[in-house]
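Both ligands and their constituent atoms are indexed starting at 1 by order of listing. We're numbering straight along the sequence, starting at 1.
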Amino acid sequence: MNYHVMTLFPEMIEHAMNISITGRALKNGILALDVVNIRDYSKDKHNRVDDYPYGGGAGMVMQAQPVYDCHQDLVKKIMDRTKEKGRLPRTIYLTPQGHTFHQKMAEELAKEEDLIFLCGHYEGIDERVLQKIVTDQVSIGDYVLTGGELPAMVMMDTISRLIPGVLHNEDSAEAESFSNDLLEYPQYTRPPEFMGEKVPDILLTGNHAKIEAWRLEQAMERTKKARPELYEAYMLKNPPKLQKRRKKK
Ligand code: ADE
């Protein structure tokens, strides 16, 4: 996976992505990260990239030209490498106005070879350039952040875990929250007792079938409590087995 990030704060992305699991995958070459500063494409003598909004209102708006030129450069670089002339790489604009990010979206995006993330700041980006270059508008939730960098990193982190080789134990991407439409079951490790609380006996039995059944039960209970709408969807997809009909008298 090759990530390309268009931002006014490249250090923010580079620092965070070069740590922990994504950092290791970048070193191993399983991931690649290309961060470009939109400001480098400003034609203004003071390197400005924003201006007042037409029609008035608070805040500033990022101008179309530096964003467009930066994107053109990236697309050319990607096309030169992939020789895939027909299809433009997906360009994701992070905005509270977008579709809400979720695990299925991450699974779909993990199949791409290149992803471009466009991080806005101020009150947004001139709509005309968004119309020209953006393929997907994505929000990470119903709250407003100061910019698109954190949402881009949330997306890259989520997508990266799904790319073969990024996680060392491949199984761990399978048996966890959302992968089967349920939240994850509780986990325990040593010691067997902590502040008077014991690890559930079932986990010490070595009976894998029983442990699986217990974990599913726990996952269902948790989901029902914390995310009733997920639980309902799960029950519709996985209806409990029909109970044996009682014999007629
Ligand atoms: N930019 C500011 N807030 C955002 C959010 N919630 N999701 C995506 N991009 C954003």
Side-chain angles (χ1 to χ4, degrees), residues 1-22 31 33-42 48-68 70-71 74-75 88-112 114-163 177-178 183 226-227 229-230:
M1 169 65 77
N2 301 291
Y3 296 125
H4 311 266
V5 185
M6 300 168 60
T7 172
L8 291 173
F9 300 97
E11 313 81 21
M12 198 170 163
I13 305 279
E14 272 155 3
H15 285 168
M17 288 295 286
N18 275 297
I19 292 170
S20 182
I21 292 174
T22 49
L31 302 178
L33 176 66
D34 174 25
V35 187
V36 285
N37 193 338
I38 298 168
R39 200 176 296 283
D40 291 345
Y41 293 84
S42 168
R48 282 186 56 175
V49 290
D50 61 329
D51 211 332
Y52 295 99
Y54 275 120
M60 305 294 271
V61 177
M62 274 170 76
Q63 292 170 296
Q65 172 271 316
V67 174
Y68 185 74
C70 178
H71 186 260
L74 268 181
V75 169
L88 286 175
R90 282 173 85 162
T91 299
I92 299 161
Y93 173 46
L94 290 313
T95 167
Q97 279 80 49
H99 295 284
T100 310
F101 187 49
H102 52 74
Q103 192 68 23
K104 293 256 166 352
M105 197 191 284
E107 285 164 17
E108 187 217 327
L109 291 170
K111 295 177 193 149
E112 299 286 329
D114 289 271
L115 288 173
I116 301 177
F117 292 93
L118 170 58
C119 306
H121 260 267
Y122 316 117
E123 282 306 305
I125 300 181
D126 190 308
E127 187 65 24
R128 292 166 297 181
V129 70
L130 298 178
Q131 293 295 329
K132 289 222 180 300
I133 68 171
V134 170
T135 58
D136 305 78
Q137 301 209 14
V138 180
S139 161
I140 61 160
D142 289 341
Y143 40 83
V144 183
L145 297 158
T146 55
E149 285 75 14
L150 283 171
M153 286 191 277
V154 165
M155 288 188 71
M156 287 189 283
D157 195 284
T158 313
I159 295 165
S160 299
R161 301 177 67 262
L162 303 172
I163 292 167
S177 296
F178 305 114
L183 303 183
R227 300 287 303 275
E229 81 292 359
L230 278 186

- prompt: Hey, which atoms in ligand 1 end up nearer than 4.0 Å to a heavy atom of Leu94?
  reply: 8 (C), 9 (N)
query: Which atoms from ligand 1 have a heavy atom of Gly141 less than 4.0 Å away?
result: 6 (N)
Gln137 and Thr95: side chain donor to acceptor below 3.5 Å: no
- request: May I ask you to test the Leu130-Arg128 pair for a side-chain heavy-atom distance under 4.5 Å?
  value: no
- request: With heavy atoms under 4.0 Å as the rule, classify the contact between Thr146 and ligand 1 as side chain, backbone, both or neither.
  value: neither
- request: Run the numbers for me: atoms of ligand 1, each under 4.0 Å from some heavy atom of Gly147, listed by number.
  value: 1 (N)
Within reach of ligand 1, part of Pro151 (heavy-atom separation under 4.0 Å): side chain
query: Taking 4.0 angstrom as the limit, do Glu127 and Lys132 come out as a salt bridge?
result: no
- prompt: Heavy atoms, side chains only, cut-off 4.5 Å: are Leu183 and Leu230 in contact?
  reply: yes
query: Would Gly120 count as a contact of ligand 1 if the rule is a heavy atom under 4.0 Å away?
result: no
query: Can you tell me which residue and heavy atom of the protein come closest to atom 10 (C) of ligand 1, and the distance to 0.1 Å?
result: Pro96 CD, 3.6 Å
task: Taking atom types as modelled, find out whether Ser139 and His99 have a side-chain donor-acceptor pair closer than 3.5 angstrom.
output: no
Min side-chain heavy-atom separation Thr135-Leu88 under 4.5 Å: no
query: Heavy atom of Leu150 under 4.0 Å from ligand 1?
result: no
query: Between Tyr143 and ligand 1, is there a nitrogen or oxygen pair with a distance under 3.5 Å?
result: yes
- prompt: Hey, are the side chains of His71 and Met6 touching, using non-hydrogen atoms and a 4.5 Å cut-off?
  reply: yes
task: Specify side chain, backbone, both or neither for Ile140, according to which of its non-hydrogen atoms lie closer than 4.0 Å to ligand 1.
output: both
query: Are Thr91 and Asp136 side-chain neighbours, meaning at least one heavy-atom pair lies under 4.5 Å?
result: no
Identity of the nearest option to atom 2 (C) of ligand 1, non-hydrogen atoms only, from Thr95, Thr100, Leu145: Leu145
query: Which of the atoms of ligand 1 are close to Val138, meaning less than 4.0 Å from one of its heavy atoms?
result: 8 (C)
